[in-house]
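Read the structure below first, then the notes.
Letters go in sequence order (proteins before strands), and every chain restarts at 1. Since the structure is predicted, the reported quantities are computational estimates derived from the model, not experimental observations. FYI, side chains are in, hydrogens and waters are out, and symmetry mates aren't considered; it's all heavy atoms of this structure.
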Amino acid sequence: MLYKKRTHTCGDLRASHVGQSVTLTGWVDTRRDLGGVIFIDLRDRYGKTQVVFNPKHSEAIHTLAKELRTEFVISVSGYVEKRPDGTDNSKLLTGAIDVLADDLTILNKAETTPFPIDDKIETNEDLRLKYRYLDLRREPMQKNLLLRHTMYQITRRYFDEHSFVEIETPVLMKSTPEGARDFLVPSRINPGKFYALPQSPQTYKQILMVAGYDRYFQIVKCFRDEDLRADRQLEFTQIDVEMSFVDESDIQTIVEGLMQRFMKEIKGIDVAVPFPRLTYKDAMEGYGSDKPDLRFDLKCADFSTLVKESGFKVFTENVKKGGVVAGFAVPGGAAYTRNQMDNLVDFTKSLGVGGLAYIKLTEKGIESAIEKFLGNDVCMKICEAAGAKVGDNVLIVADNWQKTYTTLGTLRLEIAKRMNLIDDNKWNLHWVVDFPMFDYSEEEKRHVAMHHPFTAPNPEDAHLLDGDATKARARAYDLVMNGNEIAGGSIRIHDSSLQSKVFGLLGIGPEEAKMKFGFMLDAFRYGAPPHGGIAFGFDRIAMLFAGAKSIRDVIAFPKTSSGVSLMDDNPSTVDTKQLDELHIKLK
RNA sequence: GGGGUCGUAGCUCAGUUUGGUUAGAGCGCUUGCCUGUCACGCAAGAAGUCGCGAGUUCGAGUCUCGUCGGCCCCGCCA
């Protein structure tokens, strides 16, 4: 099709262009047909420009323009004219001028869209996802994708400046035990064998260290076949980093530098480094989370010793079993009605604990259903320990250490949301360090790596690997921004005998270790430098900078929480012929 | 695997508590009028598988059961 190509974008024209003959291309954003004269706002990703069709100027073009409808794609030519006095539109950057049309080509018509191409988001998300190309036409979404673009550029520039090498690693890799469920890819050429999509390029980047590329980075897609969340997709993007001859502080310094630059170039905010460090234990016992949001207070306190001799069986028996009784004070929470408290108790129970106890501290003193068990004195001591003031309400959970604190952590966030305690203009960045090496998995009846199996133990705790391994701390660190884990990494094991030992603790015997990770153990025998690294959750950072509620809003083509892409109806069934070639038979 | 919540016109929603007239509103859409609008205005009109399927009932958008889908959370996510 022949048509005039644009001379300017829809965001270009200013008063200085008045008198010029121009051509614009784009989508009809809105039309205002006044009968005699027709106005349209023409939109492309650079902006909007008002085009005027006036029969006095061109009768034929004005007649053709009557056909224009929203989202038609056109090429329009005309003269840039200064708008008549008093008709400027200060909402548009191009609002001082309009284009008086004398030529028009309708490049493509458009059906009425299923939802308006509008800045306001009030359309259901499933509809937006089904018609993603329309959703992505909206300015807020274009801004989000441009933000991502900026982040890619900042990242590449930053790491290049610091002598990092960008290296691509395979997408078809070896399936490894441990960690998230792999996405498997059958091999046609090797019947019965499978590749896996990377949960992360972990093994490759460590081997690159052995190969001498002592500063590596990559912006890379990772895949985990786990349930989705607002901040979790099946496929997501990491900034993957690995460095040799370093310790924790070297990695953290590099990370802090990148975050500083992101904050400066994207948000215009100077952040101080180094970021505060918080131990895993303090994070959990203080805020009930290994990624606490420190933009607000609500700090937890341990009441176990206060209540262990009390008459309240739920508490005493829990403490006797080695559990914890803990909680935090809600400022002004004594004003909660019975209904609000019932609601909060139900919410807490839905998290999988027995219940939620509470003590209101009012001007009249203690108000609590458990006062008759604990006694006034203990209740007062609990209030004191929680730092409660008159008018506050101390929420208390009793269960094992893990359950108590994670429940309090979830509760803490819920309270903060309900009471509007979170200042959206605040940016809180901090490290969480001293993670345990291992978690005990009830399900699998064995230790599992808290970070991953290549994480080095804290040298001070190395002896614990032969004893109570669960007490051993790892050289792992997470970066937390506004309550979101946005990066996590560790110093790695670079010694094959220590690596074998850790595999053993994870229940991976020598045979299995050789089969699954033999290549790595081999590599470590040929001069592996001390090394460590980190990986950023790119989508999460983009989400936070965009002020979005979900990473779906910063991903061009995301999947629903059931892992479906509504636009292209994916995943879908395949032909038997395809399965045959892959030597696969469906159950 | 579990809990919560939502599903009514193209879109956003009201109506469901207490079953009962022809299922409404705003926006959008179509048509007509309108020469400086920019949320254009005015007038008229079209538009519904009340997610789907059973059941209860004289009668179901409304009640019951099941099911599908979106979103949030727990588990899971080294």
Proximal nucleotide (of [options]) relative to the [X] side chain:
X: R224(A); options: C72(B), C71(B), C77(B); result: C77(B)
X: T560(A); options: C77(B), C71(B), C29(B); result: C71(B)
X: E226(A); options: U35(B), G70(B), C76(B); result: C76(B)
X: V564(A); options: C76(B), G70(B), C71(B); result: G70(B)
X: T70(A); options: C71(B), G36(B), C29(B); result: C29(B)

Rounded to whole Å, please give me the gap between [atom1] in [X] and [atom2] in [N].
X: R232(A); N: C72(B); atom1: CZ; atom2: P; answer: 11 Å
X: D346(A); N: U5(B); atom1: CG; atom2: P; answer: 11 Å
X: F183(A); N: C77(B); atom1: CZ; atom2: C1'; answer: 12 Å
X: L566(A); N: G70(B); atom1: CG; atom2: C1'; answer: 8 Å
X: D227(A); N: C77(B); atom1: CG; atom2: C1'; answer: 9 Å
X: K66(A); N: U35(B); atom1: NZ; atom2: P; answer: 10 Å
X: D231(A); N: C71(B); atom1: CG; atom2: P; answer: 14 Å
X: L413(A); N: C74(B); atom1: CG; atom2: C1'; answer: 14 Å

**OP:** Apply the salt bridge (charged side-chain N to carboxylate O under 4.0 Å, His left out) test between K48(A) and each candidate in D41(A), D119(A), D98(A), D29(A); give the one that qualifies.
**Re:**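 Of the listed residues D41(A), D119(A), D98(A), D29(A), the salt bridge (charged side-chain N to carboxylate O under 4.0 Å, His left out) partner of K48(A) is D29(A).
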Please measure how far the [atom1] atom in [N] lies from the corresponding atom in [M], and state the result in whole Å.
N: G15(B); M: C6(B); atom1: P; value: 12 Å
N: G28(B); M: G2(B); atom1: C1'; value: 41 Å
N: U18(B); M: U22(B); atom1: P; value: 24 Å
N: G51(B); M: A9(B); atom1: C1'; value: 15 Å
N: U30(B); M: A46(B); atom1: P; value: 16 Å
N: U57(B); M: U31(B); atom1: C1'; value: 45 Å
N: U64(B); M: U17(B); atom1: P; value: 9 Å
N: C76(B); M: G1(B); atom1: C1'; value: 10 Å

Subject >> salt bridge (Lys or Arg N to Asp or Glu O under 4.0 Å) between E71(A) and R137(A), worked out >> reply: CA-CA 10 Å; E71(A) 299 312 314; R137(A) 255 183 222 170; 2.9 Å; yes
Would you check if there is a donor-acceptor pair between the side chains of [Y] and [X] at a distance under 3.5 Å?
X: D293(A); Y: Y287(A); value: no
X: Q238(A); Y: S200(A); value: no
X: D569(A); Y: S572(A); value: no

Original post:
salt bridge (Lys or Arg N to Asp or Glu O under 4.0 Å) between D227(A) and R232(A): does it pass, once the steps are laid out?
Top reply: CA-CA 8 Å; D227(A) 287 359; R232(A) 274 161 39 188; over 6 Å; no
Original post:
Hey, does the side-chain of R128(A) have a donor or acceptor N/O within less than 3.5 Å of a partner on the base of G70(B)?
Top reply: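 Per atom types, no contact qualifies.
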Subject >> Residues in ring-ring contact (aromatic ring centres under 6.0 Å, His included) contact with F536(A), at least two apart in sequence or another chain >> reply: none
Looking at every strand, decide which applies to [X] at a 4.0 Å heavy-atom threshold: base, sugar-phosphate, or nothing.
X: S562(A); result: sugar-phosphate
X: R229(A); result: base
X: Q233(A); result: nothing

Suppose we define a pair by two distances each less than 3.5 Å, Watson-Crick or G-U wobble; what does [N] pair with here?
N: A54(B); answer: U64(B)
N: C42(B); answer: G32(B)
N: A9(B); answer: none

Subject >> Any V397(A) side-chain heavy atom under 4.5 Å of L356(A) side chain >> reply: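 Sidechains of L356(A) and V397(A): in contact.
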Original post:
Does the side chain of L411(A) come within less than 4.5 Å of L395(A)'s, by heavy atoms?
Top reply: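 L395(A) vs L411(A): side chains touch.
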**OP:** Take L228(A) and D126(A), find for each the nucleotide of RNA chain B with the closest heavy atom, and name the residue whose nucleotide sits nearer the 5' end.
**Re:**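 Closest to the 5' end, via its nearest nucleotide, is D126(A).
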Original post:
Between R69(A) and S200(A), which is nearer to the 5' end of RNA chain B once each is assigned its nearest nucleotide?
Top reply: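 With S200(A) and R69(A) compared, the 5'-side residue is R69(A).
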**OP:** Please determine if E178(A) and K516(A) form a salt bridge, counting it only when a charged side-chain N lies under 4.0 Å from a carboxylate O.
**Re:** no
Original post:
Relative to F296(A), does R412(A) satisfy both conditions: NZ or CZ under 6.0 angstrom from the six-membered ring centre, and within 45 degrees of the ring's axis?
Top reply: yes
Original post:
Can you find a side chain N or O atom of R540(A) that sits less than 4.0 Å from OP1 or OP2 on C77(B)?
Top reply: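 No, because none of the side-chain N or O atoms of R540(A) sits under 4.0 Å from OP1 or OP2 of C77(B).
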Original post:
Between S490(A) (side chain) and T455(A) (backbone), is there a donor-acceptor pair under 3.5 Å?
Top reply: no
**OP:** Using a 4.0 Å heavy-atom cut-off, write out nucleotides 8-17 of chain B from 5' to 3' as B (base contacted by protein), S (sugar-phosphate only) or - (no contact).
**Re:** --SSS-----
Subject >> Nucleotide-resolved protein contact map, nucleotides 37-42 of chain B, B/S/- at heavy-atom distance under 4.0 Å >> reply: BBSB--
